[in-house]
Amino acid sequence: MRSLLADPRLTIAKRDLASLSREKTIVLALLIQLFVAAFSSFLVVGLTSLYSPGSVSAGEVVVGVAGEHDDALVRAANDQEGVRAIVYPNPDAARDAYHDGSVHATLLATDSGDRIDVAVIAPQESIETTLIVDQVRTLLESVERTERIARADHLDNSPVPLPEDVDASPYFGFTYTVLVPLLLFLPPFISGSVAVDALTEEIERGTLELLRVAPLSLVDIVDGKALAMILIAPAQAALWIGLLGFNGIAVSNVPQILLVVTALTTLVVTLGLSLGVLTAKRRQAQLLYSVLVIFGFGLLTFVPEHPATTVAKLAVDSPTATTTLHVAAYAVAAVVLFVGARRLVARTDPEGL
């Protein structure tokens, strides 16, 4: 145990973690994440209202309906909470009701042969407009869904079956598909960026030579820096998960989630340190790191299950075989890239940095 604590790589890791506490930008980023996790139950309500205003709308939206197929619009309005439809005998009467302020919006339906065209008249600018448009959009989507089901028997080819309607809470969806992945994926990306700075600044300031006379090999130095940056991300993720639980947001399969975070952190930290060794310039390495991470994260949208989806499924305790396979794949990829990066560092001539 004593020999492990005396390992020079662990000493470098402690030194980098201590210097990290003096980086104001990093500390501010951590505090922002801490604030989000600590007050997540309050923030979820506010943030959810940004992309689904209807979910927090307590008032009733009254829409005027006129024209052909007005019965379909009225049925959809009756089935939708927070919306009430008033039928007018003709479009002019519906427009007059809107201009008089009797209704919040007007829907004018016309039959154009094989489809229903609906012209919507709604306010242009106001906070209330967002709520009205959101409710009207939901109403029209409901009409479209109903018509697709009703006309499915008249199609020559079988359409793709519609998924079942799910009465899910927008808070639940936002929490597990946006908030949880956001809190868990930011620490790996920050660790990778800090790893780039930790190595390239040693090179540019000439302090790398001082470390090498310790004596330490370049591989030992890189190992120490990688150890510090890889360990801090899952520690943050565990803290965020604990704070989410304190706010009543339960997260399941924590060990698997932390494994995903650790694997992704290892991938980006290894990438950052490799770029630092190859370029030996902070600006170039940071630019390449940012581009490659964004590009790589975008490429992951083509895999069967995006990392954010994997984390969301694990968090709600609904993992599939594909989810488990992805977790294992991330772990294997992290080990392979880390071993490859060590070989790259071992072949690098320190005198050339």
Side-chain angles (χ1 to χ4, degrees), residues 33 36-37 40-41 43-52 55 138 141 145 160-193 230 233-245 247-271 290-337:
Q33 293 178 70
V36 172
S40 53
S41 59
L43 292 174
V44 164
V45 177
L47 294 174
T48 302
S49 65
L50 294 178
Y51 83 104
S52 182
S55 63
T138 305
E141 288 175 348
R145 181 185 181 87
V160 176
L162 291 172
E164 295 182 1
D165 227 349
V166 178
D167 188 18
S169 167
Y171 302 114
F172 183 87
F174 179 84
T175 299
Y176 290 100
T177 62
V178 178
L179 181 62
V180 172
L182 178 69
L183 285 173
L184 298 182
F185 287 156
L186 278 179
F189 295 148
I190 293 176
S191 289
S193 179
I230 290 174
Q236 292 177 65
L239 174 62
W240 305 155
I241 290 173
L243 290 173
L244 288 173
N247 281 268
I249 300 174
V251 177
S252 303
N253 300 301
V254 174
Q256 291 92 329
I257 290 177
L258 294 181
L259 178 60
V260 173
V261 173
T262 305
L264 293 178
T265 307
T266 303
L267 288 171
V268 296
V269 167
T270 303
L271 173 65
S290 301
V291 172
L292 290 176
V293 167
I294 294 174
F295 182 71
F297 203 68
L299 281 181
L300 288 176
T301 57
F302 294 101
V303 300
E305 192 174 280
H306 194 272
T309 306
T310 299
V311 167
K313 286 185 175 180
L314 290 172
V316 299
D317 197 17
S318 183
T320 62
T322 304
T323 305
T324 305
L325 185 62
H326 277 71
V327 173
Y330 295 140
V332 171
V335 172
V336 170
L337 186 61

Visitor: Nearest 0.5 Å please: distance from the CZ atom of F189 over to the CG atom of L186.
Guide: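 With rounding to 0.5 Å, CZ (F189) is 7.5 Å from CG (L186).
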Visitor: Is there a side-chain contact between N253 and P319 (heavy atoms, below 4.5 Å)?
Guide: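 N253 reaches P319 side chain to side chain.
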Visitor: Can you name the side chain to side chain contact (heavy atoms under 4.5 Å, CB included) partners of I241, sequence neighbours left out?
Guide: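 With sequence neighbours excluded, I241 shows a side chain to side chain contact (heavy atoms under 4.5 Å, CB included) to L184, V251, V254, I257, L258, given in chain and number order.
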Visitor: Are any of the side-chain heavy atoms of V261 and P187 separated by less than 4.5 Å?
Guide: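 A side-chain contact under 4.5 Å is absent here.
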Visitor: Measure the OG1-NE2 distance between T177 and H306 for me, rounded to the nearest 0.5 Å.
Guide: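 With rounding to 0.5 Å, OG1 (T177) is 12.5 Å from NE2 (H306).
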Visitor: Please give me the minimum heavy-atom distance between A334 and A263, naming the atom from each residue.
Guide: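 Heavy-atom minimum between the residues: CB-O, 3.5 Å.
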Visitor: Is a donor on one side and an acceptor on the other found under 3.5 Å between the side chain of T270 and the backbone of L267?
Guide: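 Here the side-chain-to-backbone pair does not exist.
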Visitor: Locate the shortest heavy-atom distance separating T265 from A233; write the atom from each residue and the value.
Guide: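 Closest approach of T265 to A233: OG1-CB, 3.3 Å.
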Visitor: Among residues at least two apart in sequence or on other chains, which ones pass side chain to side chain contact (heavy atoms under 4.5 Å, CB included) with E305?
Guide: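 Scan of E305 (side chain to side chain contact (heavy atoms under 4.5 Å, CB included), adjacent residues dropped) gives T309, T310, K313, T320, T322, T323, H326.
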Visitor: Under the criterion side-chain contact (heavy atoms from CB on, under 4.5 Å), I'd like the reasoning laid out for V260 against V311: C-alpha separation, chi angles, the key distance, then a yes or no.
Guide: CA-CA 8 Å; V260 173; V311 167; 4.3 Å; yes
Visitor: Flag the pair Y330 / L259 as yes when at least one side-chain heavy-atom distance between them is below 4.5 Å, and no otherwise.
Guide: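 No; the side chains remain at least 4.5 Å from each other.
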Visitor: Please report the interatomic distance CG(L264) to CZ(F297), rounded to the nearest 0.5 Å.
Guide: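 Here the interatomic distance stands at 7.5 Å.
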Visitor: OG of S318 to OH of Y176: how many Å apart, nearest 0.5 Å?
Guide: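 Answer for the OG-OH pair, S318 versus Y176, is 12.0 Å.
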Visitor: Hey, what do you get for CZ (F185) to CD1 (I190), rounding to the nearest 0.5 Å?
Guide: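 Atom-to-atom, F185:CZ and I190:CD1 are 14.0 Å apart.
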